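Here it is: the structure, laid out below.
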Amino acid sequence: MGEQDPGGGKKTAKVTKKAAVKKAPAVVKQAAEKKVPVKKTVAGKAPAKTVAVKPAKAESPAALVRRARRINRELAEVFPYAHPELDFENPFQLVVATVLSAQTTDLRVNQTTPALFAKYPTPEDLAAANPEEVEEILRPTGFFRAKTKSVIGLSKALVEQFGGEVPGRLEDLVKLPGVGRKTAFVVLGNAFGRPGITVDTHFQRLVRRWQWTAETDPDKIEAAIGALFPKKDWTDLSHHVIWHGRRICHARKPACGACPIAPLCPAFGEGETDPERAKKLLKYEKGGFPGQRLNPPQAYLDAGGKAAPPLGAG
């Protein structure tokens, strides 16, 4: 997509401005004309009202921006406690956990990393580790040999190039073994407070489903969505979209009838529209189950969320 350093710059503005003027497709399924509940609660309460979803017309760039930002505001009300779902205490733990999260769940990573960080608490420790011992710890995460090579390699790079500290710049992070732009923005946004858009599979699916962009390349998606929102909103936007994708707007069977943004969604009707049946599709705390973290933020617990069980429990 061109450079999109969280530090900001004119080059980013030029690229994203072009992305902003792309009009959303006008095609909407007939099911979008059904009435759907507007639901602002997190768990099982009755819908407050029913709103007719109207087929979307071709949007002007300004209308697209308004709709996208309204969706983000609505999701912020539903998930005010949205947070990164990997357990971490420092930037080193977060970058390692994010690398390990490829091709597995955050829950599985969170159940595995306590043993890893107990034995190798610093980059220096992990850089000098016996690969076979690390592989045995990481076996539950899948692709454990490749992941072992990555986390030992990035630890060595941190020691040799950055004095054992995780760098806070995009251009430095992406040089680390196993670290791409997605991982870098997770670390920058959540460990350093520097805005970034995390384009994971959930994010890609939802922004296309909402017709925010028709792009399929992650870098181009990042540029297109970045143009719709102020930079200060990028990290929280990522959390809101990803949480919605994991809990409600699933890939195979979205819970359309329990969706708080159904009136704004041009893809309404792709999933279950009956409110009661849709409610049964809700995941994690929405369905009474724990989230992904063993040690979630207090705000999540205060909202009724539950901590995930440790590895081997239950």
Side-chain angles (χ1 to χ4, degrees), residues 1-13 15-16 72 76 79-102 106 109-110 113 116-117 120-127 150-151 153-200 202-203 218-219 221-223 225-243 292-300:
M1 62 151 232
E3 297 297 328
Q4 193 167 35
D5 189 339
K10 293 182 179 179
K11 193 171 184 180
T12 297
V15 175
T16 56
N72 188 40
F79 305 118
Y81 44 79
H83 56 267
E85 294 195 271
L86 291 168
D87 282 323
F88 69 99
E89 296 179 357
N90 54 55
F92 172 62
Q93 290 187 1
L94 181 56
V95 70
V96 170
T98 307
V99 169
L100 296 179
S101 68
D106 287 353
V109 174
N110 291 337
T113 50
L116 179 70
F117 295 136
Y120 310 106
T122 69
E124 290 81 2
D125 296 320
L126 192 51
S150 291
V151 298
L154 75 83
S155 296
K156 288 180 178 178
L158 290 175
V159 172
E160 295 170 1
Q161 301 174 33
F162 301 103
E165 299 291 332
V166 176
R169 298 196 313 162
L170 175 65
E171 55 266 38
D172 293 330
L173 283 168
V174 295
K175 294 177 182 177
L176 299 173
V179 177
R181 290 181 69 86
K182 184 187 80 171
T183 296
F185 281 131
V186 170
V187 174
L188 290 171
N190 298 290
F192 292 98
R194 297 176 182 173
I197 294 176
T198 303
V199 184
D200 73 349
H202 299 287
F203 194 96
D219 288 355
I221 291 173
E222 179 192 323
I225 305 309
L228 302 177
F229 295 89
K231 184 183 292 187
K232 65 181 178 61
D233 292 344
W234 288 355
T235 299
D236 285 342
L237 168 71
S238 299
H239 292 324
H240 297 154
V241 174
I242 292 169
W243 274 57
Q292 301 285 281
R293 292 182 69 162
L294 279 68
N295 298 296
Q298 189 60 44
Y300 176 71

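Everything numeric in this text was worked out from a predicted model, so none of it was measured. The figures here come from the full heavy-atom set of this structure, side chains too, leaving out hydrogens, waters and symmetry mates.
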Can you confirm whether Ile197 sits close enough to Phe229 that some side-chain heavy atom of one is under 4.5 Å from a side-chain heavy atom of the other? no
Return the minimal non-hydrogen interatomic distance between Asp87 and Pro296, and the atom names on each side. OD1-N, 4.4 Å
Do you know the tightest heavy-atom contact between His240 and Ala76? CE1-CB, 3.5 Å
Among Thr183, Leu188, Val186, find the one that has a side-chain contact (heavy atoms from CB on, under 4.5 Å) with Leu173. Leu188
Is it true that a side-chain atom of Trp243 and a backbone atom of His83 form a donor plus acceptor pair closer than 3.5 Å? yes
Close side-chain approach of Thr198 and Lys182, heavy atoms under 4.5 Å: yes
Is there a side-chain contact between Thr113 and Leu86 (heavy atoms, below 4.5 Å)? no
Check Pro123 against Gly164 and note the closest heavy-atom contact, atom names and distance. CG-O, 3.4 Å
Atom CZ in Arg194, atom CZ in Arg169: separation rounded to 0.5 Å? 9.5 Å
Shortest non-hydrogen contact from Ser101 to Asp106? CB-OD1, 3.7 Å
Answer yes or no: is there a side-chain heavy-atom contact under 4.5 Å between Pro195 and Asp236? no
Short question: side chain of Asn110, backbone of Ala97 - any donor-acceptor pair under 3.5 Å? no
Hey, is CD on Gln161 packed in by over 12 heavy atoms from elsewhere, all under 6.0 Å? yes
Quick one: closest heavy-atom pair of Asn190 and His239, and the distance? OD1-NE2, 2.8 Å
Between the CD1 atom in Ile225 and the CG atom in Asp233, the distance rounded to the nearest 0.5 Å is 13.5 Å
Reported CG-to-CZ distance for the pair Leu126 and Phe92, which is rounded to 0.5 angstrom: 5.0 Å
Determine whether more than 12 heavy atoms belonging to other residues, nucleotides or ligands lie under 6.0 Å from atom CD of Glu89. no
Hey, does Phe192 have a side-chain heavy atom less than 4.5 Å from the side chain of Pro91? yes
Indicate yes or no: at least one non-hydrogen side-chain atom of Leu170 is less than 4.5 angstrom from one of Arg181. yes
Would you name the heavy atoms of Tyr120 and Asp125 that are closest together and state the gap between them? CD2-O, 3.6 Å
So how far is it from Trp234 CH2 to Leu228 CG, rounded to the nearest 0.5 Å? 10.5 Å
How far does CG of Leu154 sit from NZ of Lys175, to the nearest 0.5 angstrom? 15.0 Å
Close side-chain approach of Arg293 and Pro84, heavy atoms under 4.5 Å: yes
Please assess Leu94 against Val166 for the test side-chain contact (heavy atoms from CB on, under 4.5 Å), listing each intermediate value before the final yes or no. CA-CA 10 Å; Leu94 181 56; Val166 176; over 6 Å; no
First locate atom CD of Glu85, then atom OH of Tyr300, and finally report the distance between them rounded to the nearest 0.5 Å. 7.0 Å
